[in-house]
Number of protein chains: 2
Amino acid sequence: MAEHYTDTQMLEMMAKHGWRITDQRRTLAQLFAESDAYLSPKDVYEYMKTKYPGVSFDTVYRNLRIMSEMGVLEQFYFLDGGLKFRGGCLTRHHHHVICTGCEKTLSLDYCPMEQSIELPDDFQVMNHRFEIYGLCRDCQSDSDAAREQSEG
Amino acid sequence: MAEHYTDTQMLEMMAKHGWRITDQRRTLAQLFAESDAYLSPKDVYEYMKTKYPGVSFDTVYRNLRIMSEMGVLEQFYFLDGGLKFRGGCLTRHHHHVICTGCEKTLSLDYCPMEQSIELPDDFQVMNHRFEIYGLCRDCQSDSDAAREQSEG
DNA sequence: TTAGATGCAAAGTCTTTGCAATTTG
DNA sequence: CAAATTGCAAAGACTTTGCATCTAA
């Protein structure tokens, strides 16, 4: 099941849209193809700096933006308003379960809009948003450990 | 059915929390008690300026923030990341149908979390988000009219 | 009277833009 | 080679903070 764009697919999309394939873009594609997590522009910038010491923030931004516009990345504002990106999904419409500890996500096939929801008269639905936030198993044990430590 | 805080209730809450009741706060309470719409800090500032010509942006911000922290306002990041506020809801847990034309909202009793959703093993749900975006009847006719005019 | 509220100014954060130098196709 | 990409610097938008003055309780 090919759920996300691979880095190759991302690069193909860029080429198809007339963008050039630079080293930085290759690295971005790899980063997002390999990770399930949501990354902030700053996260991405920090990562890019390890590979390209002279990289600039605005270039990272520009590339995140064009990749979002093509759909190979998903742009997402968290509950707190913070902007994040992650690799785009290829599968049919779905929603996400998001761990607020590690910000990894899992797909959910369930969509609330498939239920018969009583809407206001003549309301024309254009869009919807459904996300579940919480802690995955690993992050629960992390916070348990932290609590035990602080409580002595 | 008392769905939202009235302005009096908002002011009582402020007093209970040790905040002083100033003219500006009285006006903010009235504004949000009377409106169903989401307002951006700038919207609120513009409105306040009509009543208090010398009002400063930061005071509006400060008051929006303390009112949110008490729960008499709801703070909300839209799909585009923009910050908005509206009067807090008193009724039990529910979700919103939001018109992207006028940004008025309607409550929805339906909650997707009441369904049995298959979650990843041991995932501990902390929070969720569900909103439906679209156009209410009035805003549909507005855009129809605009379209006819431009196509006319 | 006095702790809290306000307006002003300035700083902070995050994001975008203009431009010359560099690199891709 | 031409056009796109990059890094730099600076500007923009939005939000927060410090402080002197003013005001509600």
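Naming: A, B, ... by sequence-line order, numbering from 1 per chain.
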Would you check if the distance from the ring center of B/His128 to the ring center of B/His93 is below 6.0 Å?
yes

Looking at A/Thr59, does any N or O in its side chain come under 4.0 Å of the phosphate oxygens OP1/OP2 on D/dT6?
no

Please pick, from C/dT6, C/dT16, D/dT6, the nucleotide with the shortest atom-to-atom distance to any side-chain atom of A/Arg25.
D/dT6

Could you tell me whether the side chain of [X] and the main chain of [Y] form a donor-acceptor pair under 3.5 Å?
X       : Y       : result
A/Gln9  : A/Thr6  : yes
B/Tyr38 : B/Leu83 : no
A/Thr59 : A/Val55 : no

By nearest nucleotide on DNA chain D, pick out whichever of B/Asp58 and B/Lys42 is the more 5' one.
B/Lys42

Only pairs at least two apart or in different chains count here, so list each ring pair (Phe, Tyr, Trp, His ring centres under 6.0 Å) that has a residue in residues 7-35 of chain A.
none

Distance in angstrom units between B/Met67 CE and C/dA5 P, rounded:
13 Å

Could you write out each protein N or O paired with an N or O of nucleotides 21-24 of chain C at a distance under 3.5 Å?
residue : atom : partner : partner atom : Å
C/dT24  : O2   : A/Arg20 : NH1          : 2.5
C/dT24  : O2   : A/Arg20 : NH2          : 3.3

Between the side chains of B/Lys51 and B/Asp23, is the shortest nitrogen-to-carboxylate-oxygen separation below 4.0 Å, so that they form an ion pair?
no

Residue-level proximity of residues 46-55 of chain B to DNA chain D when a heavy atom falls under 4.0 Å
none

Looking across every strand, which nucleic acid part, if any, lies under 4.0 Å from B/Asn63 by heavy atom: base, sugar-phosphate, or nothing?
sugar-phosphate

With a 3.5 Å cut-off and just heavy-atom distances, do the side chain of B/Arg62 and the base of C/dG4 make a donor-acceptor pair?
no

Begin from the C-alpha positions of A/Tyr47 and A/Tyr45 and carry the test ring pair (Phe, Tyr, Trp, His ring centres under 6.0 Å) through to its verdict.
CA-CA 5 Å; A/Tyr47 174 80; A/Tyr45 174 60; over 10 Å; no

Pi-cation contact, B/Phe76 with B/Arg129 (under 6.0 Å, within 45°)
yes

